[in-house]
Amino acid sequence: MDFLFLAAKTLMLAVPLYIANGCALLSGGKTPIDLNAKFVDNKPLLGKGKTFRGAAGGIACGAIASAAIWFFLPVVSQGFGTNYLILGFLLSLGAIIGDIAGSFLKRRLGIERGQKAFLLDQLDFIAGGLILACLVYPAGIIEIILLVVLTPVFHLIGNRIAFKAKRKKVPW
Ligand code: CTP
Ligand code: MG
């Protein structure tokens, strides 16, 4: 396949994933999804960093961004062989679920809310999004490799910006 087309498709997978993840950060609210519940290990189920507002804002923004892409870039959208509106929604929803699963795992490993878990922090939402998206579009190996290699780089840059803008307590 034409490399440029593959790169464009990878970007179109990345946008809902990144937007959902980034907007969860921007719209983060107060009420935590786990309602402050503890797991059997007596540690927080998810922790205070996963809120209903953050999740809803992330999914909504990811879906809106996908709709915009679907509308303005119909040619690439068609390249997925499935409805990009649905794909974008699944990527956004999956990204939020993956991020939540990542926090669940961090708490089980005894890593406190906001503490760094290199690679897990950067890839949980990518994995979640790509897995849920398999319902309509199983990403190819090159798309996965591009996302996995580029994401930690972008993620670290983005988090540094969010930290400087005082949206995050730590620069990762
Ligand atoms: N956020 C939210 N709801 C979500 C995801 C994120 O409110 N579903 C907000 C929270 O304010 C969170 C911030 O975005 O603190 C950054 O997200 P993230 O780095 O995923 O959370 P952490 O605070 O680092 O917590 P964790 O250790 O569980 O990853
Ligand atoms: Mg974090």
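Everything numeric here is computed off the predicted structure, so don't read it as measured data.
- Ion pairing between a basic and an acidic side chain is recognised when a charged N comes within 4.0 Å of a carboxylate O; D34 and K50 show no such pairing.
- Interatomic distance, L87 CG to W70 CH2, rounded to the nearest 0.5 Å: 13.5 Å.
- We find the NZ-CG distance between K168 and L25 to be 6.0 Å, quoted to the nearest 0.5 Å.
- The closest side-chain heavy-atom distance from D121 to K106 is below 4.5 Å.
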Between S77 and M12, does a side-chain contact (heavy atoms from CB on, under 4.5 Å) hold up when you go through it step by step?
-> CA-CA 8 Å; S77 297; M12 289 179 55; 3.8 Å; yes
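- Scanning all heavy atoms of the two residues, the minimum distance from A67 to L85 falls at CA-CD2, 3.5 Å.
- In this structure, F52 places its CZ atom where more than 12 heavy-atom neighbours from other residues, nucleotides or ligands lie under 6.0 Å away.
- For the ring-ring contact (aromatic ring centres under 6.0 Å, His included) condition, the pairs that include at least one residue of residues 89-121, sequence neighbours left out, are F39-F104.
- Side-chain contact between L130 and L91 is present, with at least one heavy-atom pair separated by less than 4.5 Å.
- Considering only residues two or more places apart in sequence or on other chains, I141 meets the side chain to side chain contact (heavy atoms under 4.5 Å, CB included) condition with I145.
- Smallest separation of non-hydrogen atoms from A139 and I144: O-CD1, 3.7 Å.
- Here I161 pairs with I157 under the side chain to side chain contact (heavy atoms under 4.5 Å, CB included) rule; sequence neighbours left out.
- Note on I131 and I126: separate hydrophobic clusters, where clusters join Ile, Leu, Val, Met, Phe, Trp and Tyr whose side-chain heavy atoms are under 4.5 Å apart, directly or indirectly.
- The two residues S27 and G58 have their closest heavy-atom pair at OG-N, 4.1 Å.
- Linking Ile, Leu, Val, Met, Phe, Trp and Tyr whenever their side-chain heavy atoms come within less than 4.5 Å puts L17 and I86 in one cluster.
- Cluster membership for V148 and L132, using ILVMFWY side-chain heavy atoms within less than 4.5 angstrom, is shared.
- Minimum heavy-atom separation, S92 to A63: OG-N, 3.5 Å.
- In this structure, R107 does not pair ionically with D41, as no charged nitrogen and carboxylate oxygen lie closer than 4.0 Å.
- For I142, the CD1 atom is loosely surrounded, since the number of other residues' heavy atoms within 6.0 Å does not exceed 12.
- Note on L6: it does not cluster hydrophobically with L11, by side-chain heavy-atom contacts below 4.5 Å among ILVMFWY residues.
- Within 6.0 Å of CZ on R160 lie no more than 12 heavy atoms contributed by other residues, nucleotides or ligands.
- In this structure, the separation between NZ on K43 and CG on L109 is 8.5 Å, given to the nearest 0.5 Å.
- Expressed to the nearest 0.5 Å, how far CZ of F5 lies from OG1 of T10 amounts to 10.5 Å.
- The heavy-atom pair separating P152 from L119 by the smallest distance is CG-CD2, 4.3 Å.
- No side-chain donor-acceptor contact under 3.5 Å links R53 to the backbone of K30.
- Cluster annotation: L35 is connected to L46 through the hydrophobic network of ILVMFWY side chains, with a link wherever side-chain heavy atoms come within less than 4.5 Å.
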Kindly indicate, with the supporting measurements, whether the criterion side-chain contact (heavy atoms from CB on, under 4.5 Å) is fulfilled by V136 and N83.
-> CA-CA 8 Å; V136 296; N83 188 331; over 6 Å; no
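- In this structure the side chain of I111 never reaches within 4.5 angstrom of the side chain of K116, judged on heavy atoms.
- T51 approaches G29 most closely through the heavy-atom pair OG1-N, 3.0 Å.
- If you take CD on Q115 and CZ on R113, they are separated by 12.0 Å, rounding to the nearest 0.5 Å.
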Take T151 and F125, measure what side-chain contact (heavy atoms from CB on, under 4.5 Å) needs, and give me the verdict at the end.
-> CA-CA 10 Å; T151 296; F125 72 100; 3.9 Å; yes
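- L13 is listed as a side-chain neighbour of Y137, based on a closest heavy-atom distance under 4.5 Å.
- Rounded to the nearest 0.5 angstrom, L26 CG and N21 CG are separated by 10.0 Å.
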Output, in order, the C-alpha distance, side-chain angles, deciding distance and verdict of side-chain contact (heavy atoms from CB on, under 4.5 Å) for D124 and D99.
-> CA-CA 5 Å; D124 53 9; D99 177 56; 3.8 Å; yes
